[in-house]
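Here is the structure we will look at.
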Amino acid sequence: MAGIVVLLSGSGSNLAAIMENELPVKFVMSNNSKAYGIDRANKKKIPSFVQSDLKILELHVTKLCLSNDIDLIVLAGFMKLLSPAFVAAWKGKIINIHPSLLPSFPGARAIEQAFEYGVKYTGVTVHYVDEGMDTGQIIAQEPIKIAKNDTIKNLYGKIHKVEHKLYPKVIKNLLKWKLIKAY
Ligand code: GRF
């Protein structure tokens with residue numbers, strides 16, 4: 001059966017949503033040994049691998065993808081920029097979720113920046129990964145209205161709620177329709 005690899009660095013709430021939707025997560029990988037996402041994978045008995053050296057981590061992901069039936073590499077809060085060589089090797093098979101309406105507010109502080117800027121709408125983007133920071137082709141977006149009485153805290157909550165629905169849905173469709181791009 002086809003499967004996916006999830007790369008994460010933190011809490012892994014998107015991984016939890018992906019697992020709850022019974023998507024075929026075969027491996028979970030992280031650069032951060034303290035990532036709670038690794039505990040979530042272990043609880044579900046999904047094999048995991050932690051490696052802080054990005055080159056070694058990429059090699060391991062490559063090996064796993066080559067020796068298993070992996071359709072998609074899913075970044076879910078993975079806070080490292082993948083190397084151009086790795087991205088080129090797996091182009092069209094790596095996707096990411098980002099908490100803004102790209103191309104606005106790329107990078108690590110997207111939610112805060114949108115809030116501080118005072119935009120009326122922010123949102124969530126799922127995109128293919130290229131060599132840049134949050135610059136790959138957009139697959140799906142969902143807007144979120146920032147209400148006058150929203151705080152940064154509840155905006156986080158709103159964004160995560162949308163992410164947890166949108167990401168599993170997009171992954172499901174990509175696997176179902178084999179829309180994974182072959183360049
Ligand atoms: C999400 O907001 C995602 O958009 C961003 O990193 C965050 C990861 O959250 N890329 P979690 O680790 O899945 O809870």
Side-chain angles (χ1 to χ4, degrees), residues 4-44 46 48-52 54 57 61 72-82 86-87 90 93-117 119 121-146 150-172 174:
I4 64 177
V5 174
V6 176
L7 268 66
L8 52 78
S9 305
S11 115
S13 68
N14 279 284
L15 169 69
I18 290 166
M19 294 189 302
E20 271 158 29
N21 279 270
E22 288 171 5
L23 286 159
V25 182
K26 289 208 173 162
F27 304 96
V28 175
M29 325 283 281
S30 183
N31 61 308
N32 173 14
S33 60
K34 295 197 175 94
Y36 184 59
I38 292 295
D39 297 342
R40 296 188 198 259
N42 293 343
K43 276 183 200 148
K44 296 274 180 190
I46 293 173
S48 62
F49 179 79
V50 179
Q51 172 58 253
S52 57
L54 185 64
L57 185 71
V61 177
L72 209 52
I73 298 167
V74 172
L75 309 190
F78 185 64
M79 301 308 282
K80 293 267 178 191
L81 196 59
L82 293 165
F86 181 85
V87 170
W90 298 107
K93 282 185 184 276
I94 315 174
I95 62 169
N96 182 41
I97 187 158
H98 184 76
S100 77
L101 291 179
L102 289 172
S104 294
F105 309 115
R109 292 188 65 251
I111 301 177
E112 291 87 342
Q113 285 174 350
F115 188 79
E116 285 159 10
Y117 205 89
V119 294
Y121 286 87
T122 184
V124 173
T125 303
V126 179
H127 64 93
Y128 289 105
V129 171
D130 66 9
E131 294 75 11
M133 168 83 81
D134 305 320
T135 49
Q137 191 188 346
I138 291 170
I139 303 169
Q141 283 188 314
E142 199 159 319
I144 295 163
K145 189 172 169 51
I146 303 183
D150 270 340
T151 59
I152 187 78
K153 196 173 166 217
N154 70 21
L155 183 57
Y156 261 92
K158 278 176 158 182
I159 285 188
H160 277 125
K161 206 170 158 192
V162 169
E163 287 188 337
H164 298 161
K165 281 200 175 149
L166 184 66
Y167 215 14
K169 194 166 92 184
V170 169
I171 295 167
K172 214 174 272 179
L174 288 174

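As the structure lists them, so they are numbered: ligands from 1, and atoms in each ligand from 1.
- Using a 4.0 Å heavy-atom cutoff, H160 is listed among the residues neighbouring ligand 1.
- Listed by number with element, the atoms of ligand 1 under 4.0 angstrom from any heavy atom of I97 are 3 (C), 4 (O), 5 (C), 10 (N).
- Every atom of ligand 1 is numbered from 1 in the order shown, and the set under 4.0 Å from a heavy atom of S13 is 11 (P), 12 (O), 13 (O), 14 (O).
- Nearest protein heavy-atom contact of atom 7 (C) of ligand 1 is G77 CA, 4.1 Å.
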Test side-chain contact (heavy atoms from CB on, under 4.5 Å) on Y167 and I95 and set out the steps.
-> CA-CA 10 Å; Y167 215 14; I95 62 169; 3.7 Å; yes

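- Proximity of G12 to ligand 1 is established by a heavy-atom distance of less than 4.0 Å.
- Below 4.0 Å from some heavy atom of S11 lie the following atoms of ligand 1, by number and element: 11 (P), 12 (O), 14 (O).
- Side chain to side chain, N32 and S9 fail the donor-acceptor criterion of an N or O pair below 3.5 Å.
- Less than 4.0 angstrom separates some heavy atom of E163 from each of these atoms of ligand 1: 1 (C), 2 (O), 3 (C), 4 (O).
- Here E116 pairs with R109 under the salt bridge (Lys or Arg N to Asp or Glu O under 4.0 Å) rule; sequence neighbours left out.
- Residue contact annotation: L8 has no non-hydrogen atom under 4.0 Å from ligand 1.
- Not counting sequence neighbours, the partners of D150 by the salt bridge (Lys or Arg N to Asp or Glu O under 4.0 Å) test are K158.
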Stepwise side-chain contact (heavy atoms from CB on, under 4.5 Å) check, F78 with I94 | CA-CA 12 Å; F78 185 64; I94 315 174; over 6 Å; no

For V74 and V25, what are the C-alpha separation, side-chain angles and deciding distance, and is it a side-chain contact (heavy atoms from CB on, under 4.5 Å)?
-> CA-CA 10 Å; V74 172; V25 182; over 6 Å; no

